[in-house]
Amino acid sequence: MQHPESNTNRQFDINSYEDYKREYTNSISDPEKFWAEKATAFQWRKKWTKMLEWSFKEPDIRWFIGGKLNITENCLDRHLEKYGNKTAFIWEPNNPDEKTVHISYRELFSKVCRFANVLKNNGVKKGDTVCIYLPMIPELAIAMLACARIGAIHSVVYAGFSSGALATRILDAEARILITSDGAFRGKNQISLKNIADEALKNCPSLNKVILVKRTGEPVSLTEERDVWLKDEESKVSEVCPAEEMDAEDTLFILYTSGSTGKPKGIVHAVAGYMVFTDYTFRNVFQCTREDVYWCTADIGWITGHSYLVYGPLLSGVTSILFEGIPTWPDAERWWKLIDKHKVNIFYTSPTAIRTLETYGTELIEKYSLQSLKTLGTVGEPINESAWHWYHKNIGKEKCPILDTWWQTETGGIMISPLIPVKEQKPAFAMFPLPGVVPVIVNDKGEELKGNEIVGNLCFKQPWPGMLKTVYKDYARFKKTYFSDYPGLYFSGDGCKRDKDGHYRITGRTDDLIKVSGHLLGTAEIENAINQHPDIVESAIVGYPHPIKGNAIAAFVISQNQRNDSNAIKKEIASLVTKTVGPIAKPEQIYIVMGLPKTRSGKIMRRILKKIMLGEKKDFGDVSTLIDPDVINKIIQELSLVESTTQGS
Ligand code: WT7
């Protein structure tokens, strides 16, 4: 079923509120027909025989059954004839003095094919998992697409993760090959990625091949037989690489996300459903045309980068920016400068970044016109109203809609979002479920709350094509995490409100996960790291509101030795967390306490610690299940002691 390339220049499905209503109704009344229509625009080697089979009871969801395709043919080959010379990526290096690189669709295609041949030449086969640990350089996107080209599964690990976190992910995914670089530039820092990888690989004996991309040029030590330079390998192969025919349900990638146990979950996405959903949501949410320049600031190491920096934009054949650096280096006007330089039309970022830049004032912004911008977006955590207004006024000049897009690593693509053709904007509201998305809000007993003006737990009633397949090698955890709290529904872990107009507003996590600067972290993951410290008997992690990060982390720890040097212990704990999980998980506050509020069954009541962090002194709700309710007062006393000494010092 070959389709003419004209289908790569499709317009949007949603151009008005009426369109949205119609699409939404069709997507619910006949999802099979609806998604079949959307899917015909792609190149398939073989059409699916059945659109959908599903159950949320013994969760098993399959889309485009029997279909055969390769996603890279849809991201690349399909555009070449007419748009081969069009820029796919504009790469902006960390250092403003280094040259900007424009990569056309044709160049990207050649680079992907050559890299794919390098992988093959190094023994990678269809179905193998390749771990990618790279900074924001073009090779990161190229490596992912090269995997997809030959049917290998990519597992990208964010380059800000520590060696411990990298090792855990390599082991869980059973990756035998790693793609990394000598180092990474990030603001004024240079990070020796290869050294971190070497540290991780000490614990990963079955990983026997490392492909190294040269980025910083710093010296690295090479392990013979195992480590090879990409450049050398590229010279051995051609740039012709036919795409592997994949089944619709074959795994495209694994991406790890934190869970409520210490071990991260390998979220599995399959080729066809993910492709159709990211394409549909990208086109209709951002409404990006071929003339537009689009910029998503997320790191490719997170799902936002996968779906809306790599796959979504490439499926649409648009030009997007890939930026290696950070917004505050060499100064806090870097982003604004880049927006003017490249005449960016659509700009997608995170609330944390907005709040950080807000602290630098508006003078830096006023140096730039920002007139090219027509749409702004945010993702990753709830955006507070004041940040929303600041973004709207100072960046959007009150003329750009803000798309507050709600979704998750697990959902593959955007689920709830404001819509550009619907002019109405409500600060901090994600607004409308997209076609195919059926939210239900339930109370803690699992009863559906019907009607409007309600608050509860956000669940979904029907499958959507981008939803995860499973948790890698752990179907039981997949079932337990998403389908057991509220049987028959997919549970997101978020709280949500539906207002009087039926618009959705996300209120934040309701489980043991914490969003810090948009990064999802598990309390258990951080506690496990802290508990490795020889003096620490037990620890409890909670999140508390932070003006820039959204949430910050407080650690309550019990130390077995009454060491006088509590500051030294705190430093050791902080560096242990940095080393084991990564700098993003470092606790902002560490309190050494005599006891923790525990129930008779041994569970730590984190909600009490949270309340203490919020300054609560007496109203702790039901504490009857605590072994020692007096522990609360002791903690409050210990905290006020710490506070008075720090204020005094
Ligand atoms: C969690 C998923 C989806 C890409 C990045 C995060 C929170 C995400 C919003 C938003 C309020 C949001 C939720 C969600 N979240 N977007 N627009 N408003 N909260 O992916 O790391 O899998 O995190 O991010 O809590 O469950 P993720």
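These figures come from a predicted structure and were not determined experimentally. Atoms within each ligand, like the ligands themselves, are counted from 1 in listed order. Each residue takes its place number in the sequence, starting with 1.
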- request: Mind checking side chain to side chain contact (heavy atoms under 4.5 Å, CB included) for P401 and listing every partner two or more places apart, or none if nothing turns up?
  value: T375, I420, Q425
Ring geometry between F253 and H269 (parallel below 30°, tilted from 30 to 60°, perpendicular above 60°): tilted
message: Could you work out, with side-chain hydrogen bond (donor to acceptor under 3.5 Å, both in side chains) as the rule, every residue matching K549, not counting sequence neighbours?
response: E588
- prompt: Tell me the salt bridge (Lys or Arg N to Asp or Glu O under 4.0 Å) pairs involving residues 450-478, sequence neighbours left out?
  reply: E174-K473, E249-K469, E448-K461
task: Run through V438, V440, N457 and flag the one making a side-chain contact (heavy atoms from CB on, under 4.5 Å) with L489.
output: V440
List, for ligand 1, each N/O atom that has a protein N/O partner under 3.5 Å away, with both atom names and the distance.
| unit_1 | atom_1 | unit_2 | atom_2 | d |
| --- | --- | --- | --- | --- |
| ligand 1 | 15 (N) | G380 | O | 3.4 |
| ligand 1 | 16 (N) | G380 | N | 3.1 |
| ligand 1 | 17 (N) | D404 | OD1 | 2.7 |
| ligand 1 | 17 (N) | T405 | O | 2.8 |
| ligand 1 | 18 (N) | E381 | O | 3.4 |
| ligand 1 | 19 (N) | P382 | N | 3.4 |
| ligand 1 | 21 (O) | K515 | NZ | 3.4 |
| ligand 1 | 22 (O) | T409 | N | 2.8 |
| ligand 1 | 22 (O) | T409 | OG1 | 2.5 |
| ligand 1 | 23 (O) | K515 | NZ | 2.9 |
| ligand 1 | 24 (O) | G380 | O | 3.2 |
| ligand 1 | 24 (O) | K515 | NZ | 2.9 |
| ligand 1 | 25 (O) | D494 | OD1 | 3.0 |
| ligand 1 | 25 (O) | D494 | OD2 | 2.8 |
| ligand 1 | 26 (O) | Q408 | NE2 | 2.9 |
| ligand 1 | 26 (O) | D494 | OD1 | 3.0 |
| ligand 1 | 26 (O) | D494 | OD2 | 3.2 |
| ligand 1 | 26 (O) | R509 | NH1 | 2.7 |

- request: Report the relative orientation of the aromatic rings in F56 and W54; use parallel for angles under 30°, tilted for 30 to 60°, perpendicular for over 60°.
  value: perpendicular
